[in-house]
Amino acid sequence: VAGLRIGIAKELLGPEISKSVKEAVLNAAAIFRGLGAETVSVSLPSLSYATEAYYIISSAEASSNLARYDGVRFGSRARSEADNIDNFYMSNRSEGFGDEVKRRIMLGTFVLSEGSYEDYYKKALGLRRLICEDYKRAFEKCDIILSPTAPTAAYPQSEELSDPTVAYAQDLCTVSQSLAGLPALSIPCARDERGLPIGMQLTGPAFSEELLYRAGVAFEEVAK
């Protein structure tokens, strides 16, 4: 990785990121510098809207794509008998989808509805374009971007995130790559004070998977 330019985006090390995660990512940057890489500061100003844009767009796609799963052409059929066609479809979709899927279908149906499309879905598409342009400008200064994988260390399996807004906030560092269609690689890089793993993430331009793998392997060989 000698000569590699690694970007550090201040927006991905903001106040939402825990102290232990920030320290782990900055330590990872120091390791890369020790391998001969250069770290540079980059800016991704539109990332503050990425989570909202992602869940609007992805929910709209879920609503549209899952509309076909009615238990007749696609999807599972409910075991209970229905007395009319409306109840038949309702039973199939109620039993065939989990709570999170239903939540996204309802949100997606709302943002695609008349009166909401312009206010939500269309604006989210505009934000996606801004995020793509931010990454394009950033990669003019660097080869890959180093960031946390999540704002906190991994939580124990026994701690279920029952509040969906809390769960969605954990995606802060990863949704922008999905919106921009960019490859990203997550690597364990440290542990917090409870011994729980902390992940760092390497993001590259389109079709840069080979570069990400090489950088990831170089880091693991030194940090293991």
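Remember, predicted model here, so these are calculated numbers, not experimental data.
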Check against side-chain contact (heavy atoms from CB on, under 4.5 Å), S147 and M200: CA-CA 6 Å; S147 67; M200 74 174 195; over 6 Å; no
Working note: L13 + L26, criterion side-chain contact (heavy atoms from CB on, under 4.5 Å); need CA distance, chi angles, decisive distance, verdict. CA-CA 9 Å; L13 289 174; L26 294 176; 4.0 Å; yes
Hey, mind stepping through L125 and R128 against side-chain contact (heavy atoms from CB on, under 4.5 Å) and telling me if it holds? CA-CA 5 Å; L125 293 179; R128 178 168 66 180; 3.4 Å; yes
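The closest side-chain donor-acceptor pair between S18 and T152, if any, does not fall under 3.5 angstrom. For the residue pair T203 / Q177, a side-chain donor-acceptor distance below 3.5 Å is found, with atom types taken as modelled.
Put simply, the side chain of I6 does not reach to within 4.5 Å of the side chain of I145, judged on heavy atoms. Using a 4.5 Å cut-off on side-chain heavy atoms (C-beta onward), P151 and Q170 make contact. Contact of the T174 side chain with the Q201 side chain is registered, since non-hydrogen atoms from C-beta on lie closer than 4.5 Å.
Under the 30°/60° scheme for interplanar angles, the aromatic rings of Y135 and F139 are found to lie parallel. Between Y120 and F110, the ring planes lie tilted relative to each other; the angle falls in the 30° to 60° range.
Pairs engaging residues 6-65 under the ring-ring contact (aromatic ring centres under 6.0 Å, His included) rule: F32-F219, Y55-Y168 [sequence neighbours left out]. Note on residues 135-149: pairs passing salt bridge (Lys or Arg N to Asp or Glu O under 4.0 Å), not counting sequence neighbours, are R5-D143, D134-R137.
Here the shortest heavy-atom pairing between L196 and P156 reads CD1-CD, 3.8 Å. Here the shortest heavy-atom pairing between G14 and K22 reads O-CE, 3.0 Å. Minimum interatomic distance between I31 and A223 (heavy atoms only, all atoms of both residues): CD1-CB, 4.2 Å. Of all heavy-atom pairs between A215 and I144, the closest is CB-CD1, 4.0 Å. Between A153 and V21, the shortest heavy-atom distance links the atoms N-CG2, 3.8 Å. I17 and C173 get closest at one heavy-atom pair: CD1-SG, 3.8 Å.
L212 contributes atom CG, which lies 9.5 Å from atom CZ of R214 (distance to the nearest 0.5 angstrom). Taking OG of S20 as the start and CD of E193 as the end, the distance is 5.0 Å to the nearest 0.5 Å. Summarising the geometry, atom OG1 belonging to T149 is positioned 8.5 Å from atom CG belonging to L185; distances are rounded to the nearest 0.5 Å. Atom-to-atom distance recorded for I105:CD1 and L66:CG is 4.5 Å, nearest 0.5 angstrom. Rounded to the nearest 0.5 Å, atoms SG (C189) and CG (N27) are 8.5 Å apart. Rounding to the nearest 0.5 Å gives a distance of 7.0 Å between CG of L172 and CG of L12.
The hydrophobic cluster containing Y121 does not contain M106, counting ILVMFWY residues as joined when their side-chain heavy atoms lie under 4.5 angstrom apart, directly or transitively. Linking ILVMFWY side-chain heavy atoms closer than 4.5 Å, directly or via other members, places I8 and L4 in a single hydrophobic cluster. Using a 4.5 Å cut-off between side-chain heavy atoms of Ile, Leu, Val, Met, Phe, Trp and Tyr, with links allowed through other members, I187 and Y213 fall into the same hydrophobic cluster. No single ILVMFWY cluster, assembled from side-chain heavy atoms under 4.5 Å apart, contains both V175 and L130. In the hydrophobic cluster analysis, where Ile, Leu, Val, Met, Phe, Trp and Tyr join through side-chain heavy atoms closer than 4.5 angstrom, I56 is grouped together with L47.
Between the side chain of K123 and the backbone N or O of E118, no donor-acceptor pair lies under 3.5 Å. Remark: the backbone N or O of F88 is not paired with any side-chain donor or acceptor of S91 at under 3.5 angstrom.
No more than 12 heavy-atom neighbours from other residues, nucleotides or ligands sit within 6.0 angstrom of CG on D99.
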Under 3.5 Å donor-acceptor pairs involving side-chain atoms of residues 37-44, not counting sequence neighbours:
| unit_1 | atom_1 | unit_2 | atom_2 | d |
| --- | --- | --- | --- | --- |
| T39 | OG1 | R33 | NH1 | 3.1 |
| S43 | OG | E11 | OE2 | 2.9 |

